[in-house]
Structure formats: structure tokens, C-alpha cells
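First the structure, in the form of C-alpha cells, and then the observations on it.
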Amino acid sequence: MSRPATETESAASLPPAPDVPLSPTPDEVATPDVAEAGNGTNPLAQAPAEPPLNLEAWPQQGRVRYQSSYWGMPVEGEQRWSHDGARFNASLTGTVPVKGELLRQAATGHISGGRPVSEQFSETFNRNQFETQFASDGSKLIQVRKGALREVPTEGYALDMLALTHFVAMQPPDVPAFDVMVVTFRGSISRVTVQQFPAAEIELPAGKTMARRFHAMGNKGRLKIDVWLSSDWRNAPVRIRVEDDGGAYDLKADEVEIDGALLAKAPIGSGVD
């Protein structure tokens with residue numbers, strides 16, 4: 001794996017992920033009983049017991065367009081989300097011009113206790129499909145990966161990757177490190193420790209902005225997730241970097257739209273139409 005990008009680099013890298021069957025990581029615990037997975041339903045997942053957070057820090061609608069690259073080819077990424085205070089949905093896509101879509105993630109859930117509660121998360125990457133349902137009692141995740149069903153017991157609060165990028169926005173500036181389970185790239189499931197860093201200026205294709213950085217690490221250090229939230233652009237997730245054994249992606253914002261207002265856009269001639 002190449003060295004991590006620096007804060008001031010404006011280009012992002014997306015190393016290839018091997019198209020091979022996945023096996024559980026050391027942090028994953030699978031059980032053979034999947035009787036409940038075939039009923040096609042997914043009742044509302046159980047809300048966590050912690051006190052409510054600042055839901056107002058999560059804009060009700062947003063769209064962030066990103067720049068990245070894949071094998072030297074430019075990749076156009078885009079995240080969209082919406083919530084009404086009761087339910088939420090989010091999506092993330094990555095497209096290689098001319099060649100077509102490379103990555104698609106989608107998440108749905110509800111909001112309880114002032115925080116997102118994931119219900120379903122799906123991903124298609126390099127034609128491989130992964131689906132995860134969050135059990136209604138919060139006890140397990142039910143997955144379909146490469147046509148096979150499995151269950152993974154949860155430990156405390158569990159979220160999908162897209163919900164995590166907004167859950168951290170609701171954290172106060174002085175929040176101590178905390179643990180969550182998260183479903184990430186290519187169906188991986190890990191318990192991670194999330195740590196917040198003070199706001200600092202970063203440079204993106206969309207321009208310079210002050211941003212809080214949240215760093216999550218799991219799977220004995222083999223999984224790293226970094227999310228930068230713009231203090232200037234209403235907590236938009238302006239950079240998302242994920243690294244694990246299966247590959248990596250690093251998305252940097254070139255356009256930010258929140259609640260219908262265009263807050264930032266890369267200048268003409270920067271490589272984005």
C-alpha cells in the first residue's frame with residue numbers, strides 16, 4: 001500500500017481491490033444459524049441507550065461530489081443523504097468516466113434518541129455485491145456476501161459506513177474516544193475505536209476549509225477510516241479515506257451542496273466540469 005496522502009494533496013488514490021472471495025477478519029465472529037435471514041423483513045433496529053446527541057449538526061439534505069482516481073484513471077464520486085428527523089437514507093457512488101460505475105453504496109435507517117440507527121446497507125464494487133441487515137434487537141448483523149448467508153454478533157452500537165460519516169458530526173468538540181461496530185468497504189465488519197482531532201485547515205479541490213478529523217481504527221490496525229467534516233460547510237463530509245486489507249479509497253470534495261445551497265465548488269480548469 002502506498003503512503004497515506006497528506007493534508008494538502010489535492011489528488012486522491014484508489015488502489016485496486018482484489019476480486020476474490022472474502023473471509024471473516026479476526027474481529028468478525030460468524031455463527032452457522034441463519035434461519036431469521038430469509039424472511040425478507042428488517043424491523044426497526046434497536047436504538048442505543050446513550051443520551052441524544054446534536055441532531056441539528058446533521059443537515060437534512062446534502063450532496064458532496066468528490067475527486068479520486070483508480071489505476072491512474074479519474075474517478076468521480078458523489079455522496080447524497082437526507083433525513084427528516086425520523087428516518088434517513090444515504091448513498092455513495094464512484095464512477096470512472098467512459099468505463100462506468102465502479103462503486104455504489106446505499107444505506108437506510110431511522111433516528112432514535114437523536115442518533116442514526118442503521119437498518120440496511122448494500123454495496124456493489126467491481127460487480128461484487130454485499131448486503132447487510134441490522135437485526136431489530138441490535139444483537140447481530142445478517143449478511144449476504146457472494147451468495148452466502150452468515151450472521152455476525154454485534155457488540156454495542158453498530159453502524160454502516162455512510163451513517164458513521166454523519167454520526168461523528170453530532171459529537172461534541174470534547175468527546176473522548178469511543179467504540180462502535182461498523183460495516184465498511186466490501187462488507188467488512190469491525191469494532192473500531194474513534195478518536196477526534198481538533199479542527200485544522202485542509203486543502204481540497206473545492207477550496208480550503210477548516211475541518212474536524214475523526215480517525216477510526218480496528219482489526220488490529222489493518223482497518224483505518226478517516227472522515228473530515230467541514231466547519232465552514234455545515235459539517236459536510238468533505239474527505240473520506242478508508243484503508244483495509246482489501247484495498248483503499250480516498251475521496252476529496254470538489255463540490256458541496258447543503259439543503260439546496262451550493263456552498264463550494266472547484267474552480268473552472270481544475271479537472272472537474
Side-chain angles (χ1 to χ4, degrees), residues 2 4-17 58-59 61-82 89-107 121 123-126 160-169 184-186 201-216 224-244 247-273:
S2 60
T6 63
E7 295 281 277
T8 58
E9 290 176 327
S10 59
S13 61
L14 181 63
W58 184 12
Q61 290 185 337
R63 179 182 65 85
V64 180
R65 194 170 69 172
Y66 302 98
Q67 290 184 13
S68 189
S69 65
Y70 183 74
W71 285 57
M73 298 179 293
V75 174
E76 299 171 355
E78 184 175 81
Q79 182 180 172
R80 291 176 177 265
W81 74 88
S82 65
N89 62 75
S91 66
L92 175 68
T93 59
T95 302
V96 179
V98 180
K99 293 185 177 294
E101 190 171 270
L102 174 70
L103 169 72
R104 175 173 291 273
Q105 295 177 338
F121 180 67
E123 179 184 87
T124 302
F125 180 76
N126 270 355
D160 64 82
M161 176 65 200
L162 296 179
L164 177 66
T165 64
H166 300 287
F167 174 65
V168 293
T184 63
F185 191 42
R186 302 177 75 237
E201 185 177 83
I202 61 173
E203 186 169 0
L204 302 163
K208 293 181 179 180
T209 181
M210 294 294 292
R212 289 190 295 165
R213 174 190 169 208
F214 287 85
H215 175 73
K224 300 180 181 70
I225 304 169
D226 290 280
V227 179
W228 285 261
L229 303 174
S230 171
S231 304
D232 304 305
W233 306 327
R234 297 186 58 192
N235 281 324
V238 291
R239 184 179 178 189
I240 303 172
R241 181 175 66 199
V242 179
E243 301 178 16
D244 64 15
Y249 60 83
D250 191 351
L251 304 173
K252 297 183 179 182
D254 65 46
E255 187 170 303
V256 178
E257 180 182 303
I258 301 295
D259 289 337
L262 185 63
L263 303 184
K265 184 172 182 175
I268 296 175
S270 63
V272 179
D273 295 332

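Sequential numbering from 1 along the given sequence is applied to the chain's residues.
Counting all heavy atoms, side chain and backbone alike, E101 lies closest to T93 at OE1-CG2, 4.1 Å. Of all the heavy atoms in V238 and S230, the pair that sits closest is CG1-CB, 3.7 Å. Pairing each heavy atom of L251 with each of S68, the nearest pair is CD2-CB, 3.7 Å. Residue R212 comes nearest to S231 through the heavy atom pair N-OG, 4.4 Å, listed as atom of the first residue, atom of the second, then distance. Closest approach of Y66 to A253, counting heavy atoms only: CD2-N, 3.6 Å. Across every non-hydrogen atom of A236 and V256, the tightest pair is CB-CG1, 3.7 Å.
Residues passing the side-chain hydrogen bond (donor to acceptor under 3.5 Å, both in side chains) test with S82 are N89, sequence neighbours excluded. With sequence neighbours excluded, the residues that form a side-chain hydrogen bond (donor to acceptor under 3.5 Å, both in side chains) with D232 are T209.
For the atom pair NZ (K265) and CG (D254), the distance works out to 8.5 Å, reported to the nearest 0.5 Å. The CH2 atom of W233 lies 8.5 Å from the CG atom of L263; values are rounded to the nearest 0.5 Å. Rounding to the nearest 0.5 Å places CD of Q67 at 9.5 Å from CG of L204.
Looking at D259 and R234, their side chains come closer than 4.5 Å, going by heavy atoms from C-beta outward. Proximity of R241 to W228: side-chain heavy atoms (C-beta onward) are separated by under 4.5 Å at one or more points. In this structure, I225 and M161 have side chains that are in contact, with non-hydrogen atoms separated by less than 4.5 Å. Looking at heavy atoms from C-beta onward, P237 lies out of side-chain contact with F214 at the 4.5 angstrom threshold. Annotation: side chain of L162 is not in contact with side chain of W81 (no heavy-atom distance under 4.5 Å). Inter-residue side-chain proximity for Q105 and F125 is flagged as unmet; no heavy-atom pair is nearer than 4.5 Å. T165 is listed as a side-chain neighbour of I240, based on a closest heavy-atom distance under 4.5 Å. With contacts defined as side-chain heavy-atom distances shorter than 4.5 Å, the pair Y249/L102 does not qualify.
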Q. Checking salt bridge (charged side-chain N to carboxylate O under 4.0 Å, His left out) for the pair D226/R239: CA distance, chi angles, key distance, verdict?
A. CA-CA 8 Å; D226 290 280; R239 184 179 178 189; over 6 Å; no
Q | Working for side-chain contact (heavy atoms from CB on, under 4.5 Å), residues V168 and L229 | A | CA-CA 9 Å; V168 293; L229 303 174; 3.8 Å; yes
Q.
Assess the residue pair R65 and E76 against the criterion (side-chain contact (heavy atoms from CB on, under 4.5 Å)); give the C-alpha distance rounded to whole Å, side-chain angles, the decisive distance to 0.1 Å, and a yes or no.
A. CA-CA 7 Å; R65 194 170 69 172; E76 299 171 355; 5.6 Å; no
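Side-chain N or O atoms of Q79 include none that pairs as donor or acceptor with a backbone N or O of V64 at under 3.5 Å. Checked by atom type and distance alone, the side chain of W58 never pairs as donor or acceptor with a backbone atom of N235 at under 3.5 Å.
We find that E255 and R63 are joined by a salt bridge, their nearest charged nitrogen and carboxylate oxygen being less than 4.0 Å apart.
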